[in-house]
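In this text, all values refer to a predicted model and were calculated from it rather than measured experimentally. Protein chains get the first letters and strands the later ones, always in sequence-line order, with residue 1 at the start of each. Below, each value reflects all heavy atoms present in this structure, side chains not excepted, and no hydrogens, waters or symmetry copies.
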Amino acid sequence: MSKEAILRIKDLRGYYKGTFGIVQAVDGVSLTVNRGEVVAIAGESGCGKSTLAELITGTPKPLLHYETGEIFVEDYNVYQTDPEVLRTQVKTKIVSYVPQASLESLNPVMKIIDFIADVVKERTGKKSDRDELIEFAGNHFERVGLNRDVIFKYPHELSGGMKQRSVIAISTMWNPKLLIVDEPTSALDVSSQKRIIKMLYEMKRDGIIESILFVSHDVSSLSQICNKMLIMYAGHLQEYGDMEDMIEKPLHPYTKLLMNSIVSFDPSGKRKERLVSIEGSPPSLLNPPKGCRFHLRCPKAMDRCKTDEPPIFEITEQNRYVKCWLFEEGKA
Amino acid sequence: MSEIIEVNNLYKTYSSGIFVRSFTEAVKDVSFKLKKGSVVSLVGESGSGKTTIAKILLKLEKRTGGSIKLDGMEINEYGKKDYYRKVQVIFQDPYSAINYFYKIDRVLDKAFALRGEKLTEEEKEAKIREALEKVKIDPDEVLGRYPHQLSGGQLQRFLIARVLLIKPEIVICDEITSMIDASSRAGILNLLLELRDKEGLTVMFITHDLGQAQYISDEIMVLKDGDLVEAGDVQKVLINPQHEYTKFLLSCVPSLYAKWDLEEDIIEES
């Protein structure tokens with residue numbers, strides 16, 4: 001095992017199960033995140049981005065079930081570890097998760113400091129001394145670039161961006177090595193979005209966190225901070241590689257279409273060509289299509305794509321992984 | 001090109017409270033003109049007064065002061081039906097814009113009623129199919145269905161088809177792409193551009209996303225706390241901004257083609 005890796009996922013499968021049937025939301029994803037990397041997870045909605053993030057935490061929501069595969073966070077095999085160890089050791093010092101819309105998870109009738117007291121009690125199992133807690137939380141908030149006094153405020157006294165930054169600050173109190181953030185910038189103004197991305201950047205620079213897994217559909221924002229990108233489609237990993245290379249030279253047909261559909265600000269003002277959106281919508285994962293899950297919308301689909309699911313091919317010279325038959329020989 | 005809408009010194013003050021009145025100035029002394037057949041973006045952060053201006057133009061909200069003329073006539077002098085035949089809207093959330101107890105065909109039926117045309121069923125059917133094909137959705141796939149059975153992108157296109165049937169002179173689009181997947185946004189924007197080019201539609205495009213504003217508009221208006229701080233040709237304003245606030249907004253916009261220097265401090269709003 002390499003010492004560099006902080007997160008190793010091997011052939012992970014996680015399904016939603018209920019009266020509606022079985023939704024194959026994450027189906028065979030493998031991924032390694034090394035120390036110091038900031039990895040973007042992008043794709044259309046309903047493609048399994050958030051499900052993947054949730055599975056990594058080891059405590060998925062009720063309807064989501066871990067099926068097969070392995071997740072190693074440092075040396076802990078997440079689904080083999082004692083839940084108590086997971087709660088008090090792993091999910092404090094090693095991995096921390098900021099779910100979608102978490103800014104609404106602050107308790108409206110509690111000051112931030114009381115909320116923090118609850119979190120500390122839940123994670124460490126013991127009640128902490130109030131003065132110590134104020135000192136500890138205040139110092140941490142200052143370290144991540146927030147005002148000390150924020151901890152004495154109620155959530156309604158804070159703006160959306162401030163709430164989101166407070167939640168991220170609370171999630172990083174024990175300096176986790178890996179921070180997973182799910183859509184932290186959606187539903188916020190552009191200036192608040194930039195502040196959140198800057199906060200994540202500074203936390204990594206100052207050594208509070210080592211690696212980030214950034215889930216978002218907004219590739220323009222992701223490109224500002226991430227150095228790797230994973231593209232998901234219908235529960236499958238489609239392409240994985242260096243962020244800038246993938247924006248400049250996407251290989252998978254889906255990534256190509258996705259990059260061509262993004263309406264992004266152009267500082268030169270010279271782009272004139274019309275963008276093209278991807279026709280159709282992702283397939284239902286209750287009954288996903290056979291073969292490659294993208295073949296129904298793919299302009300380059302071959303007969304083989306309809307029946308055989310492609311494995312993930314490694315393109316060594318570009319350090320890229322692509323799940324598409326076009327790259328069978330390992331060349332771009 | 002002639003002006004279709006002329007707004008002069010528009011004010012809007014919201015008041016609240018029973019015993020202690022408090023006032024919020026949502027729009028302060030805003031004047032602008034919309035040229036026929038152009039796409040004009042209204043950009044700004046939350047609370048800048050974008051939606052308030054849209055609501056006033058749609059006569060959903062009363063103004064505190066100022067004048068608004070449509071084709072040279074004060075808008076309050078228009079009858080309700082006459083006005084909505086000329087000015088139409090597409091909202092942010094297509095699901096809450098449509099009554100979900102009825103099949104979506106009813107939306108288009110109502111459009112004919114608004115136009116006051118007496119058509120036979122066959123003529124209606126033909127017109128509906130033509131409009132749906134223009135917005136690139138398959139009529140057989142959507143007709144006879146309920147709103148929840150369609151995706152957000154499909155519904156938003158469907159509402160554009162409704163606008164096509166009404167044939168208004170101006171359509172106000174309030175954040176119409178924010179609930180739609182990034183991969184389908186370009187299609188919706190292209191559709192509006194096509195309508196501008198082919199039917200001479202005037203579009204007022206309200207957004208907080210400067211990237212979309214740059215892509216779609218001919219002109220742009222930047223709002224801050226109810227003030228119109230900068231307006232003009234979109235590329236001129238966005239490439240060479242004059243006002244501090246426009247510069248600040250631009251420094252916060254993520255772009256695929258340029259990277260932020262995250263070591264640099266964020267310039268605070270002046």
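For Ser281(A), no part lies near chain B; criterion is any non-hydrogen pair under 4.5 Å. Heavy atoms of Ile278(A) lying under 4.5 Å from chain B belong to its backbone as well as its side chain. Interface residue Val276(A): only backbone heavy atoms are found under 4.5 Å from chain B. Proximity to chain B is absent for every atom of Ser186(A), based on heavy atoms less than 4.5 angstrom apart. Contacts of Gln212(B) with chain A are made by both backbone and side-chain atoms, with heavy-atom separations under 4.5 Å.
For the pair Cys252(B) and Gln193(A), the minimum side-chain heavy-atom distance is 4.5 Å or more.
Residues of residues 247-257 of chain A that come within less than 4.5 angstrom of chain B, heavy atom to heavy atom, are Ile247(A) in numerical order. Contacts between residues 144-154 of chain B and chain A, counted as heavy-atom pairs separated by less than 4.5 Å, involve no residue at all. Against chain B, the residues from residues 203-214 of chain A that qualify, each with a non-hydrogen atom under 4.5 angstrom away, are Arg205(A) in number order. Against chain A, the residues from residues 176-189 of chain B that qualify, each with a non-hydrogen atom under 4.5 angstrom away, are Asp181(B), Ala182(B), Ser183(B), Ser184(B), Arg185(B), Ala186(B), Gly187(B), Leu189(B) in number order.
Under a cutoff of 6.0 Å and an axis angle of 45°, Lys198(A) and Trp260(B) do not form a cation-pi pair.
No side-chain donor-acceptor contact under 3.5 Å links Tyr201(A) to the backbone of Asp261(B). Gln224(A) places a side-chain N or O within 3.5 Å of a backbone atom of Ala258(B) that can act as its donor or acceptor partner.
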### Task
Show your reasoning for whether salt bridge (charged side-chain N to carboxylate O under 4.0 Å, His left out) applies to Arg274(A) and Asp197(B).
CA-CA 14 Å; Arg274(A) 294 262 171 109; Asp197(B) 295 342; 3.6 Å; yes
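Minimum heavy-atom separation, Leu249(B) to Val190(A): CD2-CG2, 3.7 Å.
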